[in-house]
Amino acid sequence: MIDISVKDLVKSFEVGQTLLDGLSFDIGEGECVGIMGRNGCGKTTLFRLLTGELTPDEGEITIAAGKRLGLISQIPHYPAGYSAEEVLRTAYAPLEAMRRKMDALAEKLTASAPKALLDEYDRLSNAYLTGGGYEQDTQIDKICNGLGIPQEMRKQEFDRLSGGEKTRVNLARLLLEKTDILLLDEPTNHLDLKSVEWLEEYLRKFKGTVLTISHDRFFLDRVVGRIIEITGGKADFYSGNYTFYLQEKQERFNRQLKQYEQEQAKLKQLGYTVERMKGWGINNRVLYRRAMSIQHRMERIEKTERPTKEKTLRARFGEKDFHGDEVLSVKGLTKRFGDRMIFSDIELKVTGGERIALLGDNGTGKTTFLRVLLGELAGEGKIKFGPSVKWAYLPQVIHFEHPERTLYDTMLYEKNCTPQSARDRLGAFLFSGEDVFKTVGTLSGGEQSRLRLCMLMDEKINLLILDEPTNHLDVASREWVECAVDEYEGTLIFVSHDRYFVDKFATRIWELEDGRIRDFPCGYAKYRAIKEHEAAQRVQQPKKKEKAPKPAGGSKELEKLVRRLEREIDAQEQKLAALDEELSAAATDYQELLRLTEEKEREEAALEELMAQWETAMSELE
């Protein structure tokens with residue numbers, strides 16, 4: 001069954017600039033499809049067309065009848081003063097309307113109430129139960145815990161949340177609605193690694209249809225089964241995940257290039273033959289006719305276009321020679337904001353050439369730690385850089401002191417370079433033509449990151465500090481940053497939620513959690529293996545069931561054993577009920593939730609063992 005059908009879709013925003021030009025594709029029920037393409041190719045516009053927010057100039061969009069469609073980037077307007085919790089509960093609006101009807105009917109139910117009234121109440125009651133009406137609190141806690149939405153955030157006014165926090169709450173609301181078709185526009189942008197992994201697992205089990213725009217290559221590899229790439233307003237199809245897409249795209253390029261070169265060689269040879277035969281055919285009409293016949297044949301040959309690769313950024317970091325072993329040492333580093341402790345007593349040492357990834361959940365203080373290191377924020381403890389160390393820093397939030405200046409003027413004033421040098425350097429970062437006269441304040445987040453990188457690249461540095469360097473960049477631009485970092489031979493410290501980037505570069509992991517940094521002297525793959533092993537160790541395997549010992553005193557002893565086992569089973573069930581209450585109370589505390597879940601698994605295993613002993617004793621008693 002087809003959930004989404006798009007046929008010959010055309011959409012333009014300016015005369016002569018067609019964004020989508022005859023786009024066509026079908027999405028089957030239950031598929032998870034990645035939508036790819038460079039920034040500005042029309043991916044988000046496509047989603048807005050699918051939801052009906054925009055109207056196509058030409059073409060048709062068909063959504064399967066009865067299917068509900070939800071878009072994460074669309075954040076509805078809510079009444080003033082609505083809390084995040086109230087926004088989350090709008091997902092259950094139909095169930096709440098059903099419950100109000102049930103309450104109204106319950107007041108009318110009497111012993112003499114007509115059967116139709118009783119039947120209607122039973123129907124609503126069953127629909128409320130099967131729709132999850134009694135599981136609302138549990139589901140909200142589960143999804144909020146998975147997406148890293150703490151209780152404090154849920155109590156805040158929705159309008160006062162940051163853009164990233166609103167996106168997370170809106171994603172949670174969308175998942176709670178159990179929408180049939182999910183349109184996810186960069187769903188991992190505002191999630192930490194733990195939340196991204198939770199979302200991946202959720203989508204892998206999701207029975208509906210998913211279309212996702214994402215530049216997170218790990219996410220695409222783990223979640224999607226097909227990729228649609230928008231190029232030149234049309235769709236190219238790849239029947240696999242991101243890794244398959246990369247390999248297949250290169251193979252297609254190679255095949256097309258080979259075919260183009262073979263055709264050109266053949267045409268060249270034919271052209272040479274035609275010219276010779278024309279020369280010979282001056283006095284020989286037969287040869288001349290043959291030459292013209294070959295020329296007409298050449299014109300009829302369907303020619304393959306020469307494949308081209310998209311223009312990429314071209315530059316590299318300048319490097320300063322480093323003398324000595326120690327780049328940076330940290331002793332007793334502590335940071336507080338009022339009564340809140342961010343981190344304390346950090347002790348670290350960095351040597352030349354290391355590549356360190358600083359990981360941790362959102363809100364643990366990663367950016368604060370970098371800013372304290374660089375002296376942008378005051379902290380307690382000692383920070384010492386090596387005498388020949390020169391650092392450069394790319395922050396997560398880019399700020400320019402003069403946003404009213406053009407890109408060209410920014411380079412001239414801040415980098416003190418010549419007009420030609422400013423043009424050349426901006427051109428290397430894909431700012432060419434009239435683009436250089438845009439004002440800095442009008443640039444997108446990705447373009448501002450590109451400009452700041454352009455300014456950093458010329459500096460002679462041996463310590464590079466990056467805070468989410470691939471945020472807001474499309475895949476092609478991320479790959480360019482990776483090439484630049486790959487060629488850089490100095491020391492690197494970076495914060496990133498891009499697991500592809502972390503896996504490629506990190507030779508050492510710093511994990512910031514509960515105000516401490518745990519040092520892993522290994523790459524990302526080994527770090528993940530260590531964390532998974534530790535998690536498995538915490539979950540103790542239940543003991544093998546043992547048969548209940550057979551009492552020596554006959555049936556009376558068996559009866560005593562049965563009564564004792566029944567008392568123990570009753571006590572164990574009460575213990576599990578108490579644990580369920582504790583789990584509900586701790587639904588937003590990840591660490592406590594993990595501990596209680598492990599304890600519940602052990603107690604359930606103990607209950608199963610008691611039940612097995614009771615069954616054995618009962619069978620022997622009978």
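The analysis underlying the following values was restricted to heavy atoms, covering all of them including side chains, and did not include hydrogens, waters or symmetry mates. In this text, all values refer to a predicted model and were calculated from it rather than measured experimentally.
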Report yes if the side chains of [X] and [Y] come closer than 4.5 Å at any heavy-atom pair, otherwise no.
X      : Y      : answer
Leu246 : Glu479 : yes
Leu407 : Leu451 : yes
Ile509 : Val502 : yes
Glu186 : Ser214 : yes
Leu464 : Ile493 : no
Arg516 : Ser344 : yes
Arg423 : Met411 : no
Leu175 : Phe206 : no

When you check the gap from the basic side-chain N to the acidic O, do [X] and [Y] get nearer than 4.0 Å?
X      : Y      : answer
Arg518 : Glu513 : no
Glu200 : Arg499 : yes
Glu347 : Lys331 : no
Arg217 : Glu482 : yes
Glu229 : Lys249 : yes

For [X], which residues count as a salt bridge (charged side-chain N to carboxylate O under 4.0 Å, His left out) partner, sequence neighbours excluded?
X      : result
Arg168 : none
Lys258 : none
Asp345 : none

With Phe494 as partner, the option from Phe501, Tyr393, Trp510, Tyr488 fulfilling ring pair (Phe, Tyr, Trp, His ring centres under 6.0 Å) is Phe501
If you look at every heavy atom in [X] and [Y], which pair is closest and at what distance?
X      : Y      : answer
Leu191 : Ser195 : CB-CB, 3.9 Å
Leu9   : Pro56  : CD1-CB, 3.5 Å
Lys366 : Asp361 : NZ-O, 3.2 Å
Asp409 : Thr406 : N-OG1, 3.0 Å
Thr351 : Thr491 : O-OG1, 3.8 Å
Ile213 : Pro187 : O-CD, 3.6 Å

How long is the straight-line distance from [atom2] of [Y] back to [atom1] of [X], given to the nearest 0.5 Å?
X      : Y      : atom1 : atom2 : value
Arg306 : Gln264 : CZ    : CD    : 8.5 Å
Ile149 : Ile143 : CD1   : CD1   : 9.0 Å
Asp424 : Ser432 : CG    : OG    : 12.0 Å
Leu184 : Cys32  : CG    : SG    : 8.0 Å
Leu182 : Thr209 : CG    : OG1   : 9.0 Å
Asp192 : Leu147 : CG    : CG    : 9.5 Å

Practice item. Find out whether the Lys NZ or Arg CZ of Lys11 is both under 6.0 angstrom from the six-membered ring centre of Phe13 and within 45° of the ring's axis. Key: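 The answer is yes, since Lys11 meets both limits relative to Phe13.
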Should the pair Lys335 and Phe337 be classed as cation-pi, given the thresholds of under 6.0 Å to the six-membered ring centre and 45° from the axis?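 Because its charged atom sits under 6.0 Å from the ring centre and within 45° of the axis, Lys335 does stack over Phe337.
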**Item:** Step-by-step salt bridge (charged side-chain N to carboxylate O under 4.0 Å, His left out) determination, Glu201 to Arg204
**Value:** CA-CA 5 Å; Glu201 197 58 33; Arg204 284 154 70 104; 3.8 Å; yes
Is the side chain of [X] donor-acceptor paired with the backbone N or O of [Y] at a distance under 3.5 Å, no angle test?
X      : Y      : result
Lys43  : Arg38  : yes
Lys349 : Glu326 : no
Thr507 : Arg355 : yes
Asn241 : Arg226 : no
Arg48  : Glu53  : no
Ser496 : Asp498 : yes
Thr18  : Leu20  : no

Under the side-chain contact (heavy atoms from CB on, under 4.5 Å) criterion, do Glu354 and Leu492 qualify, and how do the steps go? CA-CA 6 Å; Glu354 288 195 282; Leu492 176 68; over 6 Å; no
[X]: side-chain hydrogen bond (donor to acceptor under 3.5 Å, both in side chains) partners, not counting sequence neighbours:
X      : answer
Glu511 : Tyr527, Lys531
Thr304 : Gln259, Glu263
Thr243 : Asp221
Arg252 : Glu248

Worksheet item: With Lys234, which residues qualify under side chain to side chain contact (heavy atoms under 4.5 Å, CB included), at least two apart?
Response: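 Checked Lys234 against side chain to side chain contact (heavy atoms under 4.5 Å, CB included); matches are Asp21.
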Using side chain to side chain contact (heavy atoms under 4.5 Å, CB included) as the criterion, list what pairs up with Phe253, not counting sequence neighbours.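 Side chain to side chain contact (heavy atoms under 4.5 Å, CB included) list for Phe253, sorted by chain: Gln250, Leu257, Pro307, Lys309.
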List the steps and the verdict of side-chain contact (heavy atoms from CB on, under 4.5 Å) for Leu19 and Val10. CA-CA 8 Å; Leu19 197 58; Val10 176; over 6 Å; no
- Evaluate whether atom OH of Tyr413 has more than 12 neighbouring non-hydrogen atoms of other residues, nucleotides or ligands under 6.0 angstrom away.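 Check fails, neighbour count at 12 or below.
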CD of Glu404: more than 12 outside heavy atoms within 6.0 angstrom?
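More than 12 heavy atoms, drawn from other residues, nucleotides or ligands, come within 6.0 Å of this atom.
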Sorted by chain and residue number, the ring-ring contact (aromatic ring centres under 6.0 Å, His included) partners of Tyr245 (sequence neighbours excluded) come out as Tyr238, Tyr242
(message) So, using ring-ring contact (aromatic ring centres under 6.0 Å, His included) as the criterion, who are the partners of Tyr500 when residues are at least two apart?
(response)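 Partners of Tyr500 by the ring-ring contact (aromatic ring centres under 6.0 Å, His included) criterion come out as none, since no residue qualifies.
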With a 3.5 Å cut-off and sequence neighbours excluded, list the donor-acceptor pairs that the side chains of residues 369-384 form with protein atoms.
| unit_1 | atom_1 | unit_2 | atom_2 | d |
| --- | --- | --- | --- | --- |
| Arg371 | NE | Glu376 | OE1 | 3.2 |
| Glu380 | OE1 | Arg336 | NH1 | 3.3 |
| Glu380 | OE2 | Arg336 | NH1 | 2.6 |

